[in-house]
Structure formats: structure tokens, C-alpha cells
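From a predicted model like this one, the values you see are computed outputs, not experimental measurements.
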Amino acid sequence: MGQVDKRTLEKFEREAKEMNRESWYLSWALDTNDEERDKGKTVETGRAFFETEKKRFTLLDAPGHRCFVSNMISGAAQADVGILVISARKGEFETGFDRGGQTREHALLAKTAGVKHLVVLINKMDDPSVNWDKKRYEDVCSRLLPFLKQSGFRSSDLKFMPVSGMTGANLKEQMDPAVCPWYTGIPFLPYLDELPSFKEDSTKKPFRLSIVEKYKDMGTIVMGKVCSGAVFKNNNLVIMPNKTTIQVTDIYLDDEESDIADTGDNVKLKLKNIEEEDVSAGFVLCSPDNLCRIADRFLAKLHILELRNIIAPGFNCIMHINSAVVEVCFQELIGLIDRKTGKKKLDKAGKPVRPRCGKENEVVVAKLQLASPICIESFEDFQQLGRFIMRDEGKTIAVGIVLKISDTISSSVNN
């Protein structure tokens, strides 16, 4: 692709060799801090961009290790297309895909965070244990496909490809028949070029941007993805929940100045009238005439996933909603959803079933109480701000959507 010049790669290779990390040098293009390079693990979501013949892409390199799932969720919430890289090497795929493996969790989190299309790259096909074996490729794909569909992806949302990251096979150029005679499909980058735009036409809706990162650089800079609406240079917005009116003095798309950012854009905004220390991840920039809701109580529908025991009133865990992280407590379970019909289950009297507890693989409706008020919207109004993920003891235990925000709590906080 030519995005990293030869001299820089040689520098990475030389420095990696000095640290006895020779095989990791290619990852240093996006793993930029000392901790990541020393451990060989992505910790923070790396950011870069590249251009093809037809499009310009923002690349978000999300962590894969279970210790940094919070950063992975934040990165996935900014993406339209996900690239799930799977090792074809015998033993490595099985470790990641078996129950409790990171492959399962990451695919599920990507869908819940709002990823619309998933490209599954079956990597290391050149490994001696695989050697571009068609049976191995088909075995990996056949085991992944049912789980990805169960996670919410449709067949049309998925694309499988055999590749080699080390040799570059099937990434940019057509696969050499002498290497792999059985795959005749389009390579990875040309496939990305042919994908339709996933931007939603919601520029006329009220503006929403959930802040993912912030820093100081001749003013306050915030980063995030525009959830809805559009913002122009010198527009006045309100940052919630502290209700401060700010002015957008500069807009940057992939480090290039722009006069506008609209729905779906990953942007940096320079703000006036607010200090960097007064901004946190999870805050929301919104239109002055249509403010984001603030609440600490809401009604939700959630799908319980991997769970050791049961969920009952009083159960506490951690909730990730877009880029905010907060403790949540189950107040009451008020309904049970039939997964086949999507409707509430009824008892013999025709009344909604009110479960005493929630079990693994059940879909329940519950009243939730947050430890502190956050910026939140219903899924119906703003999908990106109405999805959430629940984690406990280092595992994802449930995913869900916000159905209704408590008016009493919201009004007392908002006013």
C-alpha cells in the first residue's frame, strides 16, 4: 500500500531486534507507545488512514487482548466495517474460538457496538501447518459462520477471505494460482473499494457526537464519531452533561482541515470556551436546540450471554455505552422476550411473564439503575447512543438496547 516507507520499516526492524522482538516489527506502525512494543500487545486503539483509488479509509486498530476489552469497545463504536483477523494455524484458531476465547467475544462486541459489515480474514494461510489447504480454510469458515449469524450478522454482512499478512498474499493483488489455485475471488483492498457507503442520511437530525478522547493542543481537542446531524466550522454546540456552550473553531478529518463534518465521520474538533480537564470520555456534543438526555435510570432489553449464575434484582456489573463506562444495578425484571417471535412471553392469564431471575441465553426486559447520571438516548432515537454492553469479572455477560429513559430522573437531572 506504500503507507509506511522502506526506511521507517527498516528502523522498526532494527529497534525491534535490539529489544529481541524481531517478529513484531510490522505491528510497530500502529503500536506506537513503549508499553505496546514491549509487551507485543495493542493497548490503545491506534488510528491511521489510507487511500485507495476510490475511497479514503480511517483505520482503527483495536486491542485484541482480554485485558484491554474496554478500549476495543471504544474503537469498535467508531467503525462501520470490521476486519476480524483469524489465525488459520492449527491450535491458534481453536484457542481463540472455543468457549471463553477472544474471537467469540470480539465478534459479538463489534456487532453490538454498531459495526455494519464484517470482513473475516483467515490469516497465516502460508504457515507450514496450513500451506494454503482448502480443507483447513473451509473448516474455519464453517465453524465461524453459524456463530457470526447468531451474533446478529446476516450472510450479506459477511465476507471470508484467505490471506497472508506476512507475504501480502491476497491483500492487494490477485491471488497467484501457483500458490492458491482454489481461491479466485477478489483481493481484500479491491473488495473494500467496492463496498457501498455505510453513512446514514441523518444530517437533518439533531447533532450528536460522543467524545472518545480529548487532549490539549493550542486549545481543547476532542475526538469521536458523528452519530447524527452535521457540524460546521464556527458552529455553537452544547457539551453534555455539564451544559457548557462551546464554539467549534476547527474541524479535522484524518488530520486534514475541513469546513464540515457529517454523520459517520471520525473527526477531531477544536473547541473554544471549555478547558480540556472539564471534558471526559462519554460526554456528548449536541445541538443547542435539542440536548442529549441525562439519566441514571432506564428501561432496557438485554440478551444474557455467558453467565456463571443468574441475574436477579440487586445484581451489579459494569456497563459500556458508546464511550462511557459506569456501574449498573438491576432494579427489577419486568418481562421475558421470546427469541423466535421477539414478543413478550405471556402466562396462562395472558399477562406478561415477570421472571424472578435472568438466565444464560434469555432475553429480558429490566429496569436498570446507574451509579451516576450519564448521557444516554433511546435506541429508537439515536441507535449509537442507545446500545450497551455489560461485563463482569472480565467477561461480556450481556448486550442490550435502551428502550425508555425514566422521565422523573431525567427531568430532575436535566433541570
**Item:** Test log, rule ring pair (Phe, Tyr, Trp, His ring centres under 6.0 Å), inputs Tyr137 and Trp182
**Value:** CA-CA 11 Å; Tyr137 172 76; Trp182 48 267; 5.1 Å; yes
**Prompt:** Are Lys116 and Asp157 close enough for a salt bridge, meaning some N to O gap below 4.0 Å?
**Reply:** no
**Item:** Contact check, side chains of Met319 and Ile389, non-hydrogen atoms, under 4.5 Å
**Value:** no
**Message:** Does the structure place the NZ or CZ of Lys111 under 6.0 Å from the centre of the six-membered ring of Phe153, at an angle of no more than 45° from the ring's axis?
**Reply:** yes
Throw together a table of side-chain donor-acceptor distances under 3.5 angstrom for residues 266-284, partners on residues two or more places apart or in other chains.
{"from": "Asn266", "atom 1": "ND2", "to": "Gln78", "atom 2": "O", "distance (Å)": "3.2"}
{"from": "Lys268", "atom 1": "NZ", "to": "Asp255", "atom 2": "OD1", "distance (Å)": "2.9"}
{"from": "Glu276", "atom 1": "OE2", "to": "Lys214", "atom 2": "NZ", "distance (Å)": "3.3"}

**Asp193/Lys55 under salt bridge (Lys or Arg N to Asp or Glu O under 4.0 Å): CA gap, chis, key distance, verdict** = CA-CA 6 Å; Asp193 241 359; Lys55 294 178 181 174; 5.7 Å; no
**Message:** Between Arg136 and Glu94, does any side-chain N to carboxylate O distance fall below 4.0 Å?
**Reply:** yes
**Prompt:** How far apart are the C-alpha atoms of Asp254 and Arg56, what are their side-chain angles, what is the distance that settles it, and do they pass the salt bridge (Lys or Arg N to Asp or Glu O under 4.0 Å) test?
**Reply:** CA-CA 9 Å; Asp254 295 327; Arg56 183 183 183 91; 3.2 Å; yes
**Message:** Does Asp338 form a salt bridge (Lys or Arg N to Asp or Glu O under 4.0 Å) with Lys343? I'd like the steps, not just the answer.
**Reply:** CA-CA 6 Å; Asp338 188 317; Lys343 297 180 180 180; over 6 Å; no
**Request:** Answer yes or no on whether Lys124 is positioned over the face of Phe93, meaning its NZ or CZ is under 6.0 Å from the six-membered ring centre and within 45° of the axis.
**Result:** no
Could you list the donor-acceptor pairs under 3.5 angstrom formed between side-chain atoms of residues 143-152 and any protein atom two or more places apart in sequence or on another chain?
{"from": "Lys149", "atom 1": "NZ", "to": "Ser155", "atom 2": "OG", "distance (Å)": "3.1"}
{"from": "Ser151", "atom 1": "OG", "to": "Phe147", "atom 2": "O", "distance (Å)": "3.0"}

**Message:** Please find the pair of heavy atoms, one from Leu302 and one from Ala366, that lie closest to each other, and give the distance.
**Reply:** CD2-CB, 4.3 Å
**Complete:** What one should report as the nearest heavy-atom pair of Asn316 and Cys329 is OD1-CB, 3.2 Å
**Ring-face cation contact, Phe97 with Arg104, 6.0 Å cut, 45° max** = yes
**Request:** Say whether, by atom type as modelled, one donor and one acceptor occur between the side chain of Gln369 and the main chain of Phe330 under 3.5 angstrom.
**Result:** no
**Asked** Do Leu118 and Val120 touch side chain to side chain, with heavy atoms closer than 4.5 Å?
**Response** yes
